[in-house]
Amino acid sequence: MSIRTLDDLLGEGVSGRRVLVRADLNVPLDKQTGAITDDGRIRAVLPTLTALTGAGAKVVVCSHLGRPKGAPDPQFSLRSVADRLGELLGGSVRFASDTVGDSARSTVDALADGEVALLENLRFNAGETSKDDAERGAFADQLAAFGEAYVDDAFGAVHRKHASVYDVPARLPHVAGRLVLREVEVLSTLTGDPARPYVVVLGGSKVSDKLAVIEALLPKVDRLLIGGGMCFTFLKAQGHEVGTSLLEEEMVETCGNLLARSEGKIMLPVDVVAADAFAPDATHDTVPADGIPSHRLGLDIGPETVAGFAAALKGARTIFWNGPMGVFEMPAFANGTRGVAEAIAKTDAFTVVGGGDSAAAVRALGLDESSFGHISTGGGASLEYLEGKTLPGIAALEK
Ligand code: 3PG
Ligand code: MG
């Protein structure tokens, strides 16, 4: 990989220099209280930040949070993230209440050597996500003015052609941070020559989101286990009725074709937990996957499926898992995700958990993170990497 790294930058000396770090601090927030429900992405960027502060850099961190529409929107403020980042760093973080305005300028100007500032949400500015090169470029000019060097440590956003990811590195000396480097190292072993058997577990709600990765993975894997909301479109393609479960009608034919071409590699649920409503206290039973009652919806995979998936995972030497098996946020429908996660953790395989949701599930279910080989901070990014796509953020670092 022809990418310069944080160590290269540190080797040049950063003491007293302003370093702009793009992080992915897009953490899940509680809908009611706005509290951070999983700080994994904040912790993941600490090694890069402490290396820089330890070397005496003035560190300017920027990130997006959620999907505000190009204008300030208080529910997506990074202020509480700045507080949490400060706690984790064991010192305070200066917070700018805008991204490139007066507050940002004075905050950056006030930075002492070894201090950290966090700018307000990048997506409060239309230029960040604009499809127009000039509009993105103008915003990138303003951001780039805050740094003498640029570090990309936002693995979760490298698949986005956004100003802070794609255009800023064209304007400043640029390197990959520790997190981006580690993510790419791990994921490239999966696209290269993984130890076999190589088993992939996919969940999550939509087949349409996962179609490209399924196509790309099928020739490479030995087994592909499918759960989560997207399994119902596959079950339908097998001719089963799925009641009121999540269904992408227009994808049924595609799923049928995939099953026909999969040489038996795809494993689907044999039982599901079917409920009478999408609610934590809904009445529910385990039913065979070919016997879902017409008025019920599947919200998790059943115990027999968990056992079958666990058996398929047992002898694996490489495992990639993306996407929950059910609605794990509701305890009644968390057993599938928990069971599969535990089965993965138990193997001797090299295990990679891909994605914001699956990583959050591991932590929310209280599983030991250290029993997994690597927990990726990127959902879409890790999937697009496995698809073999060119990722704008990585391409920009290679230039
Ligand atoms: C994510 O959570 O998927 C990343 O932070 C990227 O966010 P986005 O999907 O809103 O671009
Ligand atoms: Mg996303």
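First listed ligand is number 1; within each ligand, the first listed atom is number 1. The model shown is predicted, which means the values in this text are computed figures rather than measured ones.
- Between His162 and ligand 1, no N or O atom pair is found at a separation short of 3.5 Å.
- Looking only at atom types and distance, the side chain of Arg22 has a donor-acceptor partner in the side chain of His64 under 3.5 Å away.
- Tested against Thr377 for a side-chain hydrogen bond (donor to acceptor under 3.5 Å, both in side chains), the candidates Glu183, Arg43, Arg41 yield a single pass: Glu183.
- Heavy-atom proximity to Asp24, at under 4.0 Å, picks out these atoms of ligand 1: 4 (C), 5 (O).
- The contact set between ligand 1 and Asn26, taken as ligand atoms under 4.0 Å from a residue heavy atom, comprises 1 (C), 2 (O), 4 (C), 5 (O), 7 (O).
- Side-chain contact between Leu218 and Leu258: present, with at least one pair of heavy atoms (C-beta onward) separated by less than 4.5 Å.
- Ligand 1 places these atoms under 4.0 Å from at least one heavy atom of Gly156: 4 (C), 6 (C).
- Taking every non-hydrogen atom of Arg41 and a distance limit under 4.0 Å, the qualifying atoms of ligand 1 come out as 1 (C), 2 (O), 4 (C), 5 (O).
- Counting the atoms of ligand 1 from 1 in the order shown, those under 4.0 Å from a heavy atom of Arg160 are 8 (P), 9 (O), 11 (O).
- Checked for salt-bridge contact, Arg261 and Glu215 meet the test: a charged N lies under 4.0 Å from a carboxylate O.
- Side-chain contact check for Thr99 and Glu120: no donor-acceptor pair (N or O, by modelled atom type) lies under 3.5 Å.
- Checked against a 3.5 angstrom limit, the closest N/O atoms of Arg123 and ligand 1 fall inside it.
- Of the listed residues (Arg67, His64, His159), the one carrying the non-hydrogen atom nearest atom 7 (O) of ligand 1 is His64.
- A salt bridge links Arg196 and Asp222; the closest N-O separation between the charged side-chain nitrogens and carboxylate oxygens is under 4.0 Å.
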